[in-house]
Protein chains: 2
Amino acid sequence: MTTDALSLTLSALADPTRRAILQRLSEGEASVSELTAPFAISMPAISRHLKVLEQAGLVARTRHAQWRPVQLNAAPLAELASWVERYRRHWDQNFARMDAYLAELQKGNPNGPKQ
Amino acid sequence: MTTDALSLTLSALADPTRRAILQRLSEGEASVSELTAPFAISMPAISRHLKVLEQAGLVARTRHAQWRPVQLNAAPLAELASWVERYRRHWDQNFARMDAYLAELQKGNPNGPKQ
DNA sequence: TCAGTATTTAACAATCGTGTTATTTAACAC
DNA sequence: GTGTTAAATAACACGATTGTTAAATACTGA
């Protein structure tokens with residue numbers, strides 16, 4: 001498949017369980033057991049969610065005795081943020097007003113800043 | 001199922017074809033035929049991608065003779081943007097520096113703004 | 001009404017995603 | 001070594017996703 005990074009990030013984030021895991025990790029690293037506790041699903045299921053998050057680069061795993069602490073890595077979210085930003089003008093009222101204002105300026109300032 | 005809105009948005013965006021459709025629509029509305037043209041897949045496949053985007057609230061469809069013009073609706077991206085923003089401090093260097101700076105201020109200004 | 005165009009829906013196949021339980025691996029402690 | 005704990009992997013089931021082609025629907029225009 002060779003899926004692109006942004007698709008990997010988005011499909012990893014599409015699952016509510018995985019987003020909850022990230023939220024927990026934003027408060028600090030955690031073991032797989034600790035991550036499993038809040039959910040009604042088994043540890044193997046969480047382990048697979050972690051694998052998805054790891055392949056998307058959203059978490060990193062280290063090793064400490066029989067624990068594998070999991071840490072958040074938010075770097076891929078930077079790319080997502082910049083992707084979303086390209087659409088901000090389509091929903092943001094301030095952006096819309098700014099566009100209209102600039103358009104007015106463009107055609108000879110009839111409603112420009114100094115009347 | 002009753003999937004939450006953010007999950008719907010994210011899984012809709014996880015597909016590269018659907019993101020390409022949105023990008024095309026950011027330049028203006030288009031018919032299904034026009035949206036199909038750039039891709040190597042059939043029109044029914046595109047029609048179903050559009051249904052996914054519509055259910056996520058990312059596009060709206062109107063009716064004009066035998067055409068069903070499709071329009072971008074970026075509103076759901078606002079929620080996504082604000083979700084991502086909550087993690088900005090985890091990747092943004094400026095945020096990290098600001099955090100460190102504020103922490104210094106907090107513990108008695110040893111490395112504060114005036115030395 | 002009939003033919004043509006645009007689009008959706010139906011029926012099907014193949015693959016993917018997510019959960020389960022059972023088993024295996026790895027590290028600790030005695 | 002044995003036993004315990006933490007986690008991953010295997011094997012499986014099941015439903016969702018995504019594509020296909022063929023048929024149905026909706027509108028236009030003579």
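In what follows, chains carry the letters A, B, and so on, assigned in the order in which the sequence lines appear, proteins first and then strands, with residues in each chain numbered from 1.
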Visitor: Tell me whether the side-chain N/O atoms of H64(A) come closer than 4.0 Å to OP1 or OP2 in dA27(C).
Guide: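 No, outside the criterion.
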
Visitor: Take the protein atom CZ of R61(B) and the nucleotide atom P of dA6(C), then report the distance between them rounded to whole Å.
Guide: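 Distance, rounded to whole Å: 17 Å.
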
Visitor: Are F39(A) and L25(A) linked, directly or through other ILVMFWY residues, by side chains that come within less than 4.5 angstrom of each other?
Guide: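 In one cluster with F39(A): L25(A), yes.
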
Visitor: Tell me every residue that passes ring-ring contact (aromatic ring centres under 6.0 Å, His included) with W83(B), counting only those two or more places apart in sequence or in another chain.
Guide: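 ring-ring contact (aromatic ring centres under 6.0 Å, His included) check on W83(B) returns Y87(B).
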
Visitor: Could you tell me which residues satisfy side chain to side chain contact (heavy atoms under 4.5 Å, CB included) with A60(B), sequence neighbours excluded, listed by chain and number?
Guide: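 Counting only residues at least two positions away or on another chain, A60(B) forms no side chain to side chain contact (heavy atoms under 4.5 Å, CB included).
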
Visitor: So, using side chain to side chain contact (heavy atoms under 4.5 Å, CB included) as the criterion, who are the partners of R63(A) when residues are at least two apart?
Guide: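 For R63(A), the residues satisfying side chain to side chain contact (heavy atoms under 4.5 Å, CB included) (neighbours in sequence not counted) are R68(A).
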
Visitor: Any side-chain N or O of H49(A) below 4.0 angstrom from OP1/OP2 of dG19(C)?
Guide: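 It does, given that an N or O in the side chain of H49(A) lies less than 4.0 Å from OP1 or OP2 of dG19(C).
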
Visitor: Is there a donor-acceptor pair under 3.5 Å between the side chain of H64(A) and the backbone N or O of P69(A)?
Guide: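 No.
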
Visitor: In whole angstrom, what separates E54(A)'s CD from dA8(D)'s P?
Guide: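 About 9 Å, once rounded to whole Å.
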
Visitor: Round to the nearest Å and state the distance from L10(A) atom CG to dT17(D) atom P.
Guide: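 Distance check: L10(A) CG to dT17(D) P gives 16 Å.
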
Visitor: Keeping the roles fixed (side chain from R24(B), backbone from G28(B)), state whether a donor-acceptor pair exists under 3.5 Å.
Guide: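 Yes; at least one donor-acceptor contact below 3.5 Å.
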
Visitor: The criterion is salt bridge (Lys or Arg N to Asp or Glu O under 4.0 Å); which residues satisfy it with E85(A), sequence neighbours excluded?
Guide: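 By the salt bridge (Lys or Arg N to Asp or Glu O under 4.0 Å) rule, E85(A) matches R88(A).
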
Visitor: If the sugar-phosphate is the primed atoms plus P, OP1 and OP2 and the base is the rest, what is the B/S/- string for nucleotides 9-14 of chain C, using protein heavy atoms under 4.0 Å?
Guide: B-----

Visitor: Note the angle between the end axes of the helix from dT1(C)-dA30(D) to dC30(C)-dG1(D), five pairs defining each, rounded to 10 degrees.
Guide: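 Axis angle across the helix from dT1(C)-dA30(D) to dC30(C)-dG1(D), nearest 10°: 20°.
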
Visitor: Take atom CD1 of I46(A) and atom C1' of dG19(C), then tell me their distance rounded to the nearest Å.
Guide: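 My rounded result for the distance is 11 Å.
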
Visitor: State which residues pass side chain to side chain contact (heavy atoms under 4.5 Å, CB included) with E79(A); sequence neighbours excluded, sorted by chain then number.
Guide: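 By the side chain to side chain contact (heavy atoms under 4.5 Å, CB included) rule, E79(A) matches A5(A), L6(A).
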
Visitor: Could you give the CE-to-P distance, from M43(A) to dT21(C), as a whole number of Å?
Guide: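 Atom-to-atom, M43(A) to dT21(C), this comes out as 13 Å.
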
Visitor: Taking only residues two or more places apart in sequence or in another chain, which ones pass side chain to side chain donor-acceptor pair (under 3.5 Å) with S7(A)?
Guide: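 Checked S7(A) against side chain to side chain donor-acceptor pair (under 3.5 Å); matches are D4(A), R19(B).
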
Visitor: Reading DNA chain C from 5' onward, which residue's closest nucleotide shows up sooner: W67(A) or I41(A)?
Guide: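 On the 5' side of the pair lies I41(A).
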
Visitor: Return each pair, listed once, that meets side chain to side chain donor-acceptor pair (under 3.5 Å) where at least one residue sits in residues 42-51 of chain B; pairs must be two or more places apart or across chains.
Guide: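 Qualifying pairs, neighbours excluded: R18(B)-H49(B).
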
Visitor: Answer yes or no: is there a side-chain heavy-atom contact under 4.5 Å between D15(B) and L10(A)?
Guide: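 Heavy-atom side-chain distance check fails, nothing below 4.5 Å.
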
Visitor: Which residues pass the side chain to side chain contact (heavy atoms under 4.5 Å, CB included) test with V84(A), sequence neighbours left out?
Guide: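 V84(A): side chain to side chain contact (heavy atoms under 4.5 Å, CB included) contacts with L80(A), W91(A), L77(B), L80(B), A81(B).
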
Visitor: Which residues in residues 11-31 of chain A have a heavy atom closer than 4.0 Å to any atom of DNA chain C?
Guide: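 D15(A), R18(A), in order of number.
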
Visitor: Write out a two-atom table: protein N or O, nucleotide N or O from nucleotides 23-26 of chain D, distance below 3.5 Å.
Guide:
| residue | atom | partner | partner atom | Å |
| --- | --- | --- | --- | --- |
| dA26(D) | O3' | R63(B) | NH2 | 3.3 |

Visitor: List the atom of A56(B), the atom of A12(B), and the distance in Å for their closest heavy-atom pair.
Guide: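 Nearest heavy atoms, A56(B) then A12(B): CB-CB, 3.8 Å.
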
